[in-house]
Trainee: 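Quick one: the structure is below, questions incoming.
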Amino acid sequence: MLFRNRFVLLLALAALLAFVSLSLQFCECVAGLAGPGGGTDAAFVHASAQPLTQTAPPPGFGVLKAEGSTQRTFWEVDHVELLVLDEEARGERSEHAERQDKPRQLGGSGAGEELGPRLLLFEVGSWHLQLQLFVGPPEGQRDGPLLGDNQTVCFSLAGHAPHHFKLVSVHVFIRHGDRYPLYVIPKTKRPEIDCTLVANRKPYHPKLEAFVSHMSKGPGASFESPLHSLPLYPSHQLCEMGELTQTGVVQHLQNGQLLRDVYLKKHKLLPSDWSTKQLHLETTGKSRTLQSGLALLYGFLPDFDWKKIYFRHQPSALFCSGSCYCPLRNQYLEKEQRRQYLLRLKNMQLERTYEEMARIVDTSSKQLRAANPIDAMLCLFCHNVSFPCTRNGCVNMEHFKVIKRHQIEDERERQEKKLYLGYALLGAHPILNQTVGRMRRAAEGRKEELFALSSAHDVTLAPILSALGLTEARFPRFAARLIFELWQDREKPGEHSVRILYDGVDVTFHTSFCQDHHKRSPKPMCPLENFVRFVKRDMFVALGSGSTNYYDACHREGS
Ligand SMILES: *[C@@H]1O[C@H](CO)[C@@H](O)[C@H](O)[C@H]1NC(C)=O
Ligand SMILES: *[C@@H]1O[C@H](CO)[C@@H](O)[C@H](O)[C@H]1NC(C)=O
Ligand SMILES: *[C@@H]1O[C@H](CO)[C@@H](O)[C@H](O)[C@H]1NC(C)=O
């Protein structure tokens, strides 16, 4: 096989379809909620290559677009075939293709008819991928993400490396899964969303019942105080505020399974007699983060044994442990909040929208704004619950869009003004420093903390993404995952490299410390030293204050 001795087919096919992101405009919505469009006519969607542009993504990045279905209906992916050609083999076809039947994340079994699959050539940096996506008609009660017209399929390139690289350790940061809102829209009825876990409700995961039964037997000794007092899975018929939903649990069971296929089955990250020491698990003190972490582990671990699970508690959403005190970080945050406030004042349409919504629900616009209605509206939207109506009218999609547009505008200005970057660099340092510490120990050959999981929030992931320089990264959706993989080059055992993946997309060469590295080096990864240098020193240089360490940087007078 022409690629066998080169960049061998390490594309983790089991992980291929990480999720089908609904290309609704509001992508933090969960996959799988669009609902089947019905229809059983045989037809197929073919995937077409993303046009090649100058902004071609680095190796390992891929997006497929579906187009050309004969009718506006949703189709389920039946199986995927993929082959990778290395650079020299560009353009040649190989007979060989790896095939993944019914990618597990899609759930259910389907008799997807194969209908003249079309080939597509898909360029990712220096690699060519050919990918065939077979889709068939949905069955009546099928669960799981579906592919529709022009929806984007994002697939995971986790665990993808040339064959002479050995996976050493993996460090995963997740945002909790889909949850009930944190605030209600004032003076409206709480949305009726059921947070119990039930098999005959969508979205479903084959491990859901086993998860519940296992959790209901869970001993409290597996957690650092005060985590024991938290419920291990969501269970309220009317969700409590901020409670994880079934969707949220399923998202993390899926994440776990995906990571298991790649890191355990394929790369044998954990020895067969793995123990507590090999895992580093930490979570904030919210039930939704603990439960998300448990669901992920339940999908991930071959045998979920309570005796081997120990979750540490992180009181701060920045996971800053003993290094939380940082006055300059707070100054940046205050300035950033001031910027946000001023931008909002300038947006007359937003102001009018809040006033109109306030009139509808009969409250003051100040109160309404304070209740952060977009959070509640997003939840209603994702759960297909209609927006509230009163005799004064209805809150509607237009309101939602105005607020959402403002958020996007805010995000754009935030990037530009760089105040948030200052906050992010200081805020993300402690957690990145801990990660670097773990990576270095693993690189030295210590067999501990091979898999680290930090179950966290958007306010944890967003600063990390900013600090890494991933300016184009999307705001962390529910169940977002950011992964650092540490690899060892078997041909040069002293050399270790890092790959960084955000929601399955390889973003290594988008980071500020490894930008364009792949253009200078044939290695499809970033040297560990680059990452270490960044965390130990360059992060502070980027602040421009002349500091070279965290303590110093935190105690400088702000500019
Ligand atoms: C959303 O709700 C409407 C009515 O409330 C229903 O007709 C529709 O089928 C629902 N869609 C999905 C995907 O569940
Ligand atoms: C899908 O995309 C193609 C090309 O961008 C476009 O021509 C077509 O109208 C789109 N189909 C739908 C249903 O939006
Ligand atoms: C960074 O990690 C090192 C150990 O790896 C530790 O000694 C140091 O205190 C940490 N610094 C911060 C600011 O957390």
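All residue numbers in this chain count up from 1 along the given sequence. Order of listing sets the numbers, starting from 1, for every ligand and every atom in it. Worth saying up front: this structure is predicted, and the values here are computed from it rather than measured. No hydrogens, no waters, no symmetry mates; every other heavy atom, side chains included, goes into these values.
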Trainee: It should be assessed whether the SG atoms of C320 and C326 lie less than 2.5 angstrom apart.
Mentor: no
Trainee: Is it the case that S292 and S455 place a side-chain donor and acceptor less than 3.5 Å from each other?
Mentor: no
Trainee: Less than 4.0 Å between a side-chain N and a carboxylate O, is that true for E448 and R441?
Mentor: no
Trainee: State plainly whether the residues E416 and R412 are in salt-bridge range, i.e. N to O under 4.0 Å.
Mentor: yes
Trainee: Taking the six-membered ring of W306 (Phe, Tyr or Trp), confirm whether the NZ or CZ of K217 is under 6.0 Å from its centre and within 45° of its axis.
Mentor: no
Trainee: Could you pull out the N/O contacts under 3.5 angstrom between ligand 3 and the surrounding protein atoms?
Mentor:
residue  : atom   : partner : partner atom : Å
ligand 3 : 2 (O)  : N433    : OD1          : 3.1
ligand 3 : 2 (O)  : N433    : ND2          : 2.4
ligand 3 : 11 (N) : N433    : ND2          : 2.7
ligand 3 : 14 (O) : S323    : OG           : 3.1
ligand 3 : 14 (O) : N433    : ND2          : 3.1

Trainee: Identify, with sequence neighbours excluded, every residue that meets salt bridge (charged side-chain N to carboxylate O under 4.0 Å, His left out) alongside E411.
Mentor: R414
